[in-house]
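This report concerns only the one structure given below.
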Amino acid sequence: MTATLIDIKAEQQKVKDAIKAQGLRVLVCAGTGCVANGSLKVIEKFKELGADVRPMTHQDKVTIVPTGCHGFCEQGVLVVIPDLDVTYVKVHVEDVEEIVESHIKEGKPVERLLYVDPKTNEHVFKNEEINFYAKQTRTTLANCGEINAESLDEALSVGAYQALHKVLEKGDSQWVIDEITKSGLRGRGGGGFPTGLKWKFTAANRGGKSYVVCNGDEGDPGAFMDRSVMEGDPHKLLEGMAIAGYAIGADEAYIYVRAEYPLAIHRLRVAIAEAEKRGYLGNNIMGSDFNFTIHIKEGAGAFVCGEETALIASIEGERGMPRPKPPFPANKGLFGRPTLINNVETLANVAPIILKGADWFSSMGTEKSKGTKTFALTGEVNNTGLIEVPMGTTLREIVFDIGGGIRGGKKFKAVQIGGPSGGCLTEEHLDLPMDYDNLIAAGAMVGSGGLVVMNEDTCIVEVARFFMNFTQNESCGKCVPCREGTKNMLKILERIVKGKGEMKDLETLEELAVAVKDGSLCGLGKTAPNPVLSTLKYFRDEYIAHIKDKRCPAGVCEAMKTIHIVEELCKGCTKCARNCPVGAIEGTVRNPHHIDQSKCIKCGACLNACPFKAIRQN
């Protein structure tokens with residue numbers, strides 16, 4: 001086998017030389033977020049203006065490179081010029097000419113387009129000096145934002161398919177499994193199951209037809225980790241799948257990706273076609289006797305299809321509903337054959353592990369949670385976006401260093417981690433090293449990596465209601481505990497936020513949560529109560545305030561809001577009374593007015609009418 005393999009290093013050097021000849025590279029984000037902000041027009045304008053430009057550097061020409069997601073989504077459109085050590089943020093098409101004329105041609109940076117650090121209020125030039133990037137360790141996302149995701153040559157230039165070549169050269173599938181096992185890689189889709197062990201179980205059934213399935217059904221609200229890999233570095237995923245196929249003895253694979261990800265699907269199709277054309281996928285890969293074909297299956301967007309047996313059912317053309325386990329997919333999966341299922345991020349870690357070694361990967365993270373983890377950092381932080389940090393990084397580092405702290409100088413309240421199946425962590429958890437075991441002990445979970453930061457103005461009870469509403473709507477309905485339990489939990493939460501709750505509801509909520517957790521068929525049902533259980537544990541006083549005092553401490557729940565007049569500020573101008581549509585405001589000219597709460601419909605007309613800011617809502 002060794003003698004027939006292509007010279008992968010020669011291939012890499014050839015494309016590196018070709019890329020070097022491109023001159024000054026201007027990287028423009030063309031991930032979904034930046035495309036929505038107009039990056040395609042920015043790219044076209046750069047191409048139009050930069051075609052005949054000779055830059056002020058030693059380079060003789062300019063090449064515009066559309067890339068995948070840089071991660072710093074809130075600052076899009078992002079434009080990075082590595083040779084000029086500059087990152088421009090929030091670039092619009094009308095800014096392009098100034099960048100070209102002032103910086104590329106004259107060497108004068110456009111300061112107004114530089115990132116401004118929220119702590120120092122100073123402009124920052126380089127990516128590595130922006131706190132959002134400086135505190136990260138990017139392995140899965142290493143190439144996202146650095147290469148043209150629709151070019152195999154660009155992927156080869158940063159090492160694509162070298163790990164697969166190494167595997168084929170060794171010709172030892174057991175060595176591959178041992179290396180993944182030794183690395184300590186655990187499933188990044190939520191469960192955290194040891195990846196090497198799953199591969200071992202599946203490989204034990206080799207001998208007939210086997211499959212590899214990539215779970216790209218990223219259904220958590222606000223999560224886009226897998227999408228960014230598929231859009232920004234698809235060949236890393238394809239290579240990981242091929243290595244997995246070789247390890248377990250499979251020659252066919254499916255990527256299950258939701259149809260709401262059209263750009264990811266397009267770039268995967270382009271990558272698969274180019275890889276097959278060039279001999280990196282398909283038959284006799286790189287001159288070996290290893291064959292591996294990858295198909296794409298578009299999902300319809302059902303959250304439950306993130307569960308592996310429901311996903312299998314969907315690929316087979318059936319309704320996406322979980323199946324009892326055992327048998328596990330490793331024994332009887334897709335079309336009744338042994339099947340290995342890993343999510344996108346897990347498989348994207350495979351090639352770097354094989355190439356750099358298990359010891360390299362296991363040197364990052366904690367004792368039982370190795371490597372790095374991607375998180376979608378959203379909510380009330382200054383810097384939102386996609387981040388990657390070593391396992392064991394604390395919430396404090398993520399929120400206050402990478403995230404730049406809470407917006408508007410507000411007080412930190414909590415973080416919802418792990419998506420709708422996760423849990424809330426509080427100020428007391430800010431220094432907790434985040435890994436699989438610590439988070440489970442705290443009543444939360446790593447999950448797929450959604451991380452929503454909340455400030456003092458967030459109503460925790462409403463947060464629990466929101467996530468329970470999501471999981472209840474997405475319940476497939478197959479098993480009674482999940483179908484009926486989540487429905488009744490949601491009804492109780494809705495009563496509480498409407499000011500109609502009773503103290504006995506809290507006990508009922510906890511009983512239902514335990515029943516759903518213990519009795520549900522699949523992992524999604526078993527984790528659905530987590531947001532309720534964790535908020536009851538850490539914010540029980542807020543539930544009690546809603547029930548006993550009929551008051552929302554955060555002033556969020558509409559049914560509990562009251563509008564009142566501050567007598568010391570009221571001048572008795574009567575504007576509020578004249579604008580009230582239901583006559584709820586009483587008082588005489590030049591004397592303080594008051595609002596009859598039994599008549600008030602909380603429309604806010606008086607708030608807008610008062611010229612003295614004497615009317616408050618809480």
Identify the heavy atoms of [X] and [Y] that sit nearest to each other, and give their distance.
X    : Y    : result
T181 : G196 : OG1-CA, 3.3 Å
V229 : T140 : CG2-CG2, 3.8 Å
V176 : A247 : CG1-CB, 3.9 Å
G232 : P234 : C-CD, 3.7 Å
I460 : A414 : CD1-CB, 4.2 Å
E231 : G31  : OE1-CA, 3.7 Å

With no hydrogens and no angle check, is any side-chain donor or acceptor of [X] less than 3.5 Å from a backbone partner on [Y]?
X    : Y    : result
D251 : F292 : no
S314 : A310 : no
S520 : K517 : no
E380 : N455 : no
S369 : Y436 : yes
S534 : P531 : yes
S183 : L185 : yes
E316 : A313 : no
E274 : L152 : yes
S210 : R206 : no

Is the ring pair F201/F193 parallel, tilted or perpendicular, if the boundaries are 30 and 60 degrees? tilted
Identified side-chain contact (heavy atoms from CB on, under 4.5 Å) partner of Y161 from the options I243, I285, L238: L238
Just to verify, which of E298, R258, E260 counts as forming a side-chain contact (heavy atoms from CB on, under 4.5 Å) with I265?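 It is E298, the one option of E298, R258, E260 that forms the side-chain contact (heavy atoms from CB on, under 4.5 Å) with I265.
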Name all pairs fulfilling the ring pair (Phe, Tyr, Trp, His ring centres under 6.0 Å) condition that reach into residues 295-317, sequence neighbours left out, sorted by first residue then second.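 Residue pairs with at least one partner in residues 295-317: Y254-H295, F303-F470.
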Is any side-chain heavy atom of I255 closer than 4.5 Å to one of M241?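 Side chain of M241 against side chain of I255, heavy atoms only: contact under 4.5 Å found.
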Is there a side-chain contact between L340 and N342 (heavy atoms, below 4.5 Å)? yes
Run through T139, T137, T374 and flag the one making a side-chain hydrogen bond (donor to acceptor under 3.5 Å, both in side chains) with E388. T139
Which of these, R495, K500, H546, sits in a side-chain hydrogen bond (donor to acceptor under 3.5 Å, both in side chains) with D505? R495
Hey, mind stepping through E150 and R269 against salt bridge (Lys or Arg N to Asp or Glu O under 4.0 Å) and telling me if it holds? CA-CA 10 Å; E150 295 187 28; R269 292 195 191 283; over 6 Å; no
What's the verdict on side chain to side chain donor-acceptor pair (under 3.5 Å) for E146 and T67, showing C-alpha distance, side-chain angles and the deciding distance? CA-CA 6 Å; E146 302 291 330; T67 71; over 6 Å; no
How many angstroms lie between [atom1] in [X] and [atom2] in [Y], if you round to the nearest 0.5 Å?
X    : Y    : atom1 : atom2 : result
K297 : L334 : NZ    : CG    : 10.5 Å
T384 : I402 : OG1   : CD1   : 13.0 Å
I387 : L451 : CD1   : CG    : 6.5 Å
N349 : L237 : CG    : CG    : 11.5 Å
D226 : T346 : CG    : OG1   : 8.0 Å
N469 : M489 : CG    : CE    : 12.5 Å

Before accepting this row, confirm whether a basic side-chain N of the pair [X]/[Y] lies closer than 4.0 Å to the acidic partner's carboxylate O.
X    : Y    : value
R540 : E510 : yes
E542 : K537 : no
K198 : E308 : yes

Checking C34 now: which residues fulfil side-chain contact (heavy atoms from CB on, under 4.5 Å) with it, not counting sequence neighbours? C29, S39, V77, L78
Decide yes or no on side chain to side chain donor-acceptor pair (under 3.5 Å) for E218 and Y261, but give the supporting numbers first. CA-CA 10 Å; E218 193 171 42; Y261 285 179; 2.8 Å; yes
Flag if over 12 foreign heavy atoms under 6.0 Å of [atom1], [X]:
X    : atom1 : value
Q174 : CD    : yes
K200 : NZ    : no
R319 : CZ    : no

Residues forming a side-chain hydrogen bond (donor to acceptor under 3.5 Å, both in side chains) with E462, sequence neighbours excluded: R465
Check step by step if side chain to side chain donor-acceptor pair (under 3.5 Å) holds for N215 and N343. CA-CA 4 Å; N215 184 348; N343 88 317; over 6 Å; no
Pair listing, salt bridge (Lys or Arg N to Asp or Glu O under 4.0 Å) test, anchored in residues 364-379, at least two apart: E345-K373
Contact list for residues 423-432, test salt bridge (Lys or Arg N to Asp or Glu O under 4.0 Å), sequence neighbours left out: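 Sorted pair list: R396-D431.
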Examine the side chains of H429 and Y538 and answer whether a donor and an acceptor come within less than 3.5 Å of each other.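 Result is yes, a qualifying pair exists.
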Using only heavy-atom distances, determine whether the side chains of T471 and E474 contain a donor-acceptor pair under 3.5 Å. no
List the steps, then state whether salt bridge (Lys or Arg N to Asp or Glu O under 4.0 Å) holds for K209 with E252. CA-CA 9 Å; K209 183 74 173 179; E252 194 170 359; 2.7 Å; yes
Would you please test D518 and K526 for salt bridge (Lys or Arg N to Asp or Glu O under 4.0 Å) and show each step? CA-CA 6 Å; D518 291 344; K526 290 180 181 297; over 6 Å; no
Side chain to side chain donor-acceptor pair (under 3.5 Å) contacts touching residues 326-340 (sequence neighbours left out): N205-N331
Which is it for T309 and E307 under the side chain to side chain donor-acceptor pair (under 3.5 Å) test, yes or no, and what are the steps along the way? CA-CA 6 Å; T309 60; E307 196 278 334; 2.5 Å; yes
Using the salt bridge (Lys or Arg N to Asp or Glu O under 4.0 Å) rule, take E511 and K504 through it: C-alpha gap first, then chi angles, then the decisive distance, then the call. CA-CA 11 Å; E511 289 177 354; K504 64 180 181 180; over 6 Å; no
